[in-house]
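Below: one structure, written as structure tokens.
Values below: all heavy atoms of this structure, side chains included; hydrogens, waters and symmetry mates excluded. Bear in mind the structure is a predicted one, so any value in this text is a computation, not a measurement.
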Amino acid sequence: MLKSLSILLTLLGVTLSARPNVELVDLRAPVGDLDLPVVMWHGMGDSCCEPLRSVGALKKMIEDKLGVYVLSIATGTSEAKDVWSSYFGDVNAQAAAVCEQLRSTPELQGGYNAIGFSQGGQFMRAVIQRCQHIGPKANILITLGSQHQGVMNAPGCESTAPSSVITSVAAEQDVGSFSTACQAMQAFLARGAYLPLVQNHVVQAQYFKDPFHMDEYLKKSIFLADLNNEHQTKSLQYKENLLTLGKFVMYRFTADKMVVPRDSSWFSWFNGTQLVPLAEQPLYKEDWLGLKELDDSGRLVFAELEGEHMQFSFEWFQAEIIDKYLRSSSSASI
């Protein structure tokens with residue numbers, strides 16, 4: 001696989017160079033009383049654990065403030081390979097590996113809260129839908145700017161600097177003016193998202209949903225169509241597992257230009273003519289995943305944040321995510 005990709009990348013004239021560059025503001029406070037550890041999955045172009053930037057900074061922040069174990073998922077064995085694996089790889093294999101990692105992590109056996117950043121949101125949901133019954137169990141799932149109904153355009157690669165790089169998280173857009181790995185991904189998608197080489201090896205192709213070629217999508221999508229229970233044969237396990245969540249919180253960004261359609265973060269879908277809200281889709285009406293039941297019980301939360309994709313401050317993250325959802329006093333039980 002890597003040899004084939006290397007040859008194609010050479011033909012495209014691109015090389016890998018992507019590194020988030022967001023500094024951490026020291027917002028440490030007295031340790032809280034959170035019972036549950038936290039599992040995080042980063043987004044496109046990011047890596048798990050750089051302590052002064054992006055998701056790695058948020059990991060440190062949660063640890064400092066709550067005194068809990070935090071696992072920030074890495075799907076590569078080094079920072080560069082972790083960034084690479086956010087563009088190229090098999091998402092199904094990545095999710096399966098994460099399931100096994102969670103099962104073998106002693107600190108998580110009593111349950112955990114999960115956070116998915118952008119594409120990490122639907123990947124974290126895959127772990128819950130496929131492995132929750134095996135354990136360990138997620139209590140709360142929080143997704144930020146995720147593509148739950150996929151994307152109909154290739155994600156953008158432009159650098160959009162936040163108003164203050166000191167206090168903002170730009171995990172996916174602040175990766176340099178020209179992210180060559182991202183450009184390579186776009187080049188592959190332009191050649192056909194459902195071609196076997198592209199679909200099987202380009203991460204973003206695996207949640208690409210073309211409203212004008214739905215038959216091809218349903219036939220050839222190796223990840224999203226299965227995850228959203230869109231095939232004729234439904235997985236009851238997916239629904240049962242998602243329904244064990246105490247809460248499922250979905251944030252969308254009001255000025256999101258990277259996720260097309262933006263409201264995919266709320267499970268909305270563009271059908272080729274208009275945007276269809278979740279409540280008007282068979283996915284909800286027939287409750288393929290249990291989203292309607294979660295909604296009816298007050299456990300499905302549609303939340304919003306003003307601004308562009310993955311642009312938020314550490315102060316916002318503390319108040320809106322840590323204090324509101326992660327502290328034991330505010331968390332719903334499993």
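Within the 4.5 Å cutoff, the side chain of Glu230 has heavy atoms near those of the Lys209 side chain. You'll find the side chain of Thr143 stays beyond 4.5 Å of the side chain of Val249, heavy atoms only. No side-chain heavy atom of Cys48 sits less than 4.5 Å from a side-chain heavy atom of Ile73. Between Lys257 and His309 there is no side-chain heavy-atom pair separated by less than 4.5 Å. Residues Phe248 and Leu291 are in side-chain contact: their nearest non-hydrogen atoms beyond the backbone lie under 4.5 Å apart. Ile115 has its side chain within reach of Val38: a pair of non-hydrogen atoms, C-beta onward, lies under 4.5 Å apart. Residues Val98 and Phe123 fail the side-chain proximity criterion, which asks for heavy atoms closer than 4.5 Å. Within the 4.5 Å cutoff, no side-chain heavy atoms of Tyr112 are placed close to those of Leu71.
A distance of 9.5 Å separates CZ in Phe223 from CD in Gln94, rounded to the nearest 0.5 Å. Between atom CG of residue Leu224 and atom OG of residue Ser264 there is a gap of 7.5 Å, rounded to the nearest 0.5 Å. Atom CZ of Arg299 is separated from atom NZ of Lys247 by 9.0 Å, given to the nearest 0.5 angstrom. Atoms NZ and CD1, on Lys59 and Ile62 in that order, are 9.5 Å from each other to the nearest 0.5 Å.
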For this session: Step by step, work out the side-chain contact (heavy atoms from CB on, under 4.5 Å) result for Thr254 and Glu304.
Result: CA-CA 7 Å; Thr254 60; Glu304 193 169 57; 3.4 Å; yes
For this session: Evaluate the side-chain contact (heavy atoms from CB on, under 4.5 Å) criterion for residues Ile222 and Asn92: first the C-alpha distance (whole Å), next the side-chain angles of each, then the deciding distance (0.1 Å), finally the verdict.
Result: CA-CA 8 Å; Ile222 67 169; Asn92 291 312; 4.1 Å; yes
For this session: Show your reasoning for whether side-chain contact (heavy atoms from CB on, under 4.5 Å) applies to Met250 and Leu144.
Result: CA-CA 6 Å; Met250 305 179 295; Leu144 295 94; over 6 Å; no
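Between Phe302 and Trp266, the ring-plane angle classifies as perpendicular under the 30° and 60° cut-offs.
The existence of a salt bridge linking Asp256 and Arg252 is excluded, since no basic side-chain nitrogen approaches an acidic carboxylate oxygen closer than 4.0 Å. Glu100 has a carboxylate O that lies under 4.0 Å from a charged side-chain N of Arg103, or vice versa, which qualifies the two as a salt bridge. With salt bridges taken as basic N to acidic carboxylate O contacts below 4.0 Å, none links Arg262 and Glu308. Classification of Lys234 and Asp287 as a salt-bridged pair fails, no side-chain N sitting under 4.0 Å from a carboxylate O. Lys292 has a carboxylate O that lies under 4.0 Å from a charged side-chain N of Asp296, or vice versa, which qualifies the two as a salt bridge.
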Give every donor-acceptor pair under 3.5 Å between a side-chain atom in residues 276-286 and any protein atom, sequence neighbours left out.
from   : atom 1 : to     : atom 2 : distance (Å)
Gln281 : OE1    : Gln149 : NE2    : 2.6
Gln281 : NE2    : Phe267 : O      : 2.8
Gln281 : NE2    : Val276 : O      : 2.9
Gln281 : NE2    : Pro277 : O      : 3.4
Tyr284 : OH     : Asp295 : OD2    : 2.7
Glu286 : OE1    : Trp288 : NE1    : 2.8

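For the side chain to side chain contact (heavy atoms under 4.5 Å, CB included) with Leu289, the qualifying choice from Lys239, Arg125, His148 is Arg125, the only one to do so. Partner of Tyr251 under the ring-ring contact (aromatic ring centres under 6.0 Å, His included) criterion, out of Phe312, Phe117, Trp316: Trp316 alone.
What you find for Asn241 and Arg130 is that their closest heavy atoms are ND2-C, 4.0 Å. Minimum interatomic distance between Met40 and Leu58 (heavy atoms only, all atoms of both residues): CE-CB, 3.9 Å.
Annotation: His213, atom NE2; neighbour count of heavy atoms from other residues, nucleotides and ligands within 6.0 Å does not exceed 12.
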